[in-house]
Amino acid sequence: QVMDPKFREGLAQLAPLGLSFESWQSHPPIPDATDMMRAFPGTTFILNHVGGILGVGPYNGHREEVLAGWRKDITEMAKCPNVYCKLGGLGMVSVGFGFHERDLPPSSEDLAAAWRPYIEHCIEAFGVDRCMFESNFPPDKQSCGYTELWNAFKRITADASKAEKQALYSGTAAKVYRLIAP
């Protein structure tokens, strides 16, 4: 769809209106999304859910292979200065961690261990000024509690500076969504 000329014709209307585009897709078409983002450098794009990792269906049992390809694609996308990344959405069943199948819900430690490779890579690739945490509730509720989710994020960013945490937890979102004056 992002390669469709009619779609792109419509997308070209966003920047002149001061509007952004939120992109959510599964990870395989990230290169197509990157092409779209490069084609519209004046448009602000927000990548949702760290790029839509899949861990079910044909991707089940291939986590390391998927992670390697996703890392490469995210690194390339992050070269687009008009793209911001939402850190979250990893609690969805489609990500394939299987937390929803456990007898007991996962702890924040469990979540941090599973999600760390994705969140840390996005922060490394995009930088803290282009990343923002998201809860993605209620979809993430399928796998974890709200408190555990935010505590997992805090565990992952425990060594971040005060300024980095400010960007990740509020500053980037305030800037991208124009909640404060630039």
Side-chain angles (χ1 to χ4, degrees), residues 1-3 7 21-38 45-80 83-128 130-160 168-169 172-173 176:
Q1 164 181 335
V2 300
M3 302 304 271
F7 176 79
F21 184 85
E22 299 237 359
S23 178
W24 182 40
Q25 70 285 312
S26 57
H27 71 269
I30 287 176
D32 287 348
T34 301
D35 180 82
M36 170 188 69
M37 294 162 177
R38 282 191 178 123
F45 290 92
I46 298 110
L47 177 68
N48 284 295
H49 316 318
V50 302
I53 299 297
L54 291 175
V56 295
Y59 304 99
N60 185 27
H62 301 282
R63 184 156 306 280
E64 290 306 313
E65 179 184 337
V66 167
L67 179 61
W70 170 86
R71 278 186 173 147
K72 180 180 81 55
D73 291 341
I74 287 294
T75 299
E76 192 60 31
M77 180 182 279
K79 292 176 184 176
C80 301
V83 181
Y84 295 81
C85 183
K86 283 188 177 175
L87 307 173
L90 294 165
M92 291 185 288
V93 172
S94 61
V95 180
F97 286 116
F99 291 129
H100 65 291
E101 296 172 348
R102 292 184 176 188
D103 290 336
L104 296 174
S107 67
S108 61
E109 292 93 342
D110 295 332
L111 298 173
W115 299 349
R116 183 179 301 276
Y118 304 96
I119 291 173
E120 287 183 344
H121 183 72
C122 286
I123 293 170
E124 180 182 308
F126 287 94
V128 297
R130 291 177 40 217
C131 286
M132 60 188 114
F133 280 108
E134 63 163 329
S135 71
N136 195 42
F137 257 67
D140 281 352
K141 186 178 182 178
Q142 300 170 89
S143 294
C144 62
Y146 192 75
T147 301
E148 289 76 17
L149 177 139
W150 285 103
N151 285 339
F153 293 159
K154 289 178 192 175
R155 288 179 184 283
I156 293 168
T157 59
D159 293 333
L168 293 166
Y169 288 97
T172 300
V176 169

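The first residue in the sequence is number 1, and the count goes up from there.
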Can you give each donor-acceptor pair under 3.5 Å made by side-chain atoms of residues 83-94, sequence neighbours left out, with the distance rounded to 0.1 Å?
from  : atom 1 : to     : atom 2 : distance (Å)
Lys86 : NZ     : Glu22  : OE1    : 3.1
Lys86 : NZ     : Asn48  : OD1    : 3.3
Lys86 : NZ     : Tyr177 : OH     : 3.1

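- Residues Met77 and Phe126 meet the side-chain proximity criterion, which asks for heavy atoms closer than 4.5 Å.
- For Tyr146, the side chain to side chain contact (heavy atoms under 4.5 Å, CB included) partners at least two apart in sequence or on another chain are Ser135, Phe137, Trp150.
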Donor-acceptor list for residues 50-64 side chains, cut-off 3.5 Å, not counting sequence neighbours:
from  : atom 1 : to     : atom 2 : distance (Å)
Arg63 : NH1    : Tyr118 : OH     : 3.1
Arg63 : NH2    : Val95  : O      : 2.9
Arg63 : NH2    : Gly96  : O      : 3.2

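- To the nearest 0.5 Å, the span separating CD on Glu101 from CD on Gln142 amounts to 11.5 Å.
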Discussion item. Run Asp35 and Met3 through side-chain contact (heavy atoms from CB on, under 4.5 Å) and show every step you take.
Written reply: CA-CA 8 Å; Asp35 180 82; Met3 302 304 271; 3.5 Å; yes
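- Pairing each heavy atom of Pro28 with each of Pro31, the nearest pair is O-CD, 3.4 Å.
- A donor-acceptor pair under 3.5 Å links the side-chain atoms of Arg130 to the main chain of Ala78, judged by distance alone.
- Distance alone, capped at 3.5 Å, places no donor-acceptor pair between the Thr172 side chain and the Leu168 backbone.
- The side chain to side chain contact (heavy atoms under 4.5 Å, CB included) test applied to Ala113 returns no partner, not counting sequence neighbours.
- The side chain to side chain contact (heavy atoms under 4.5 Å, CB included) search around Lys154 returns Asn151, Tyr169, not counting sequence neighbours.
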Item to complete: Apply side-chain contact (heavy atoms from CB on, under 4.5 Å) to the pair Glu76 and Arg38, showing each step before the final yes or no.
Response: CA-CA 11 Å; Glu76 192 60 31; Arg38 282 191 178 123; 2.4 Å; yes
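- Asp110 is linked by a side chain to side chain contact (heavy atoms under 4.5 Å, CB included) to Phe99, Arg102, Pro106, Ser107, counting only residues two or more places apart in sequence or in another chain.
- A distance-only check finds no donor-acceptor pair linking the side chain of His27 to the backbone of Trp70 [under 3.5 Å].
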